Amino acid sequence: LMEVHANVSNSQVHLAFLAFLVLLAEPAETRVWKAFDAFFLLLSGFSGPFCLLLWPVAVVAWWHRRDRWSVVRVLCVALPAFVQAALLSPFAPLPSNPTSRGVVIRTPLSPYGATPGNLLRIFGGQIVVGGLAGWHVYVGLHDGVFAAHPWLPALIGLAGTAFLARAAWVTGSFALRLLLLYATLHMAAGLASPIIIGDRPLWEMLAMPGAGQRYWYTMTLAFLATVVWTAVADPRTPLRALAGVALVVLVLSGIRGDWSLP
């Protein structure tokens, strides 16, 4: 996921995940931690549109805890979310000459290619293979085995989706469920309005190694967190063993291969 470390614009992806952790954390008890919570929720919210995705997460966290500080955190997300929604609204006023003020109104030149098959290929390649084995391994598979057998990444994506869905169903961890909720909202928003340039359908280009990594950042973290939970807490022994093998692949291939950023 080198893209989210490459420029300051993608710092909002990290700020949004920090804001998620703030919403997930136990209620702050001291003034310092309360100030920390409020500051970073507002900073993240006014830095980018992720607060629109975090607002339902904040509401669910409040519903789970029912404490006063969770209400404050909901409001700290709701305020910038209202501002962001107003700015992103199709009814928001635009400058009379958009290009003169650096505003570019852009429509996609390629069809979306939004099909279940492409969705599963994205999930299988970018998140399952890329998340566990690493970007370099995914590049080799994409240009080799996956090119010869395009059904294979879709099959991996189907297995990965079923893996997450089952974990969300059986886990007793509120934190894991909340992470999967936020990751799903983040990925769905990225797929609904991706920014990527090329001459092929957008979702086909998004399945290419390295493409749109800012859209898969949270889902990759959620997938890896689910693998860890399965390895240590799943009630079924075969699945714990399978998750253990996946963690070995992550350590020996994914982390080792992607340790250095280009």
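What you see is a predicted model; the values in this text were computed from it and never measured. Counting begins at 1 with the first residue of the sequence.
- By the 4.5 Å heavy-atom criterion applied to side chains, Phe163 and Val227 are counted as neighbours.
- Remark: Arg236 CZ is loosely packed, at most 12 non-hydrogen atoms of other residues, nucleotides or ligands lying under 6.0 Å away.
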When the side chains of residues 40-61 are checked against the rest of the protein, which donor-acceptor pairs come out under 3.5 Å, sequence neighbours left out?
| residue | atom | partner | partner atom | Å |
| --- | --- | --- | --- | --- |
| Ser47 | OG | Leu43 | O | 2.5 |

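- Other residues, nucleotides and ligands contribute only 12 or fewer heavy atoms inside 6.0 Å of the CH2 atom of Trp33.
- Not counting sequence neighbours, the partners of Leu180 by the side chain to side chain contact (heavy atoms under 4.5 Å, CB included) test are Leu164, Ala168, Leu176, Ala222, Thr226.
- For the atom pair CG (Leu239) and CG (Leu242), the distance works out to 6.5 Å, reported to the nearest 0.5 Å.
- Counting all heavy atoms, side chain and backbone alike, His186 lies closest to Val13 at CE1-CG1, 4.4 Å.
- No side-chain heavy atom of Asp234 sits less than 4.5 Å from a side-chain heavy atom of Thr171.
- Looking at Tyr217, its side chain never comes within 3.5 Å of a backbone N or O of His14 through a donor-acceptor pair.
- Here the shortest heavy-atom pairing between Ile122 and Met187 reads CG2-CE, 4.2 Å.
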Test side chain to side chain donor-acceptor pair (under 3.5 Å) applied to Asp258 and His136, step by step: CA-CA 7 Å; Asp258 290 353; His136 291 86; 2.8 Å; yes
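- Cation-pi geometry between Arg66 and Trp62 is met: under 6.0 angstrom from the ring centre, within 45 degrees of the axis.
- Looking at Pro209 and Trp135, their side chains come closer than 4.5 Å, going by heavy atoms from C-beta outward.
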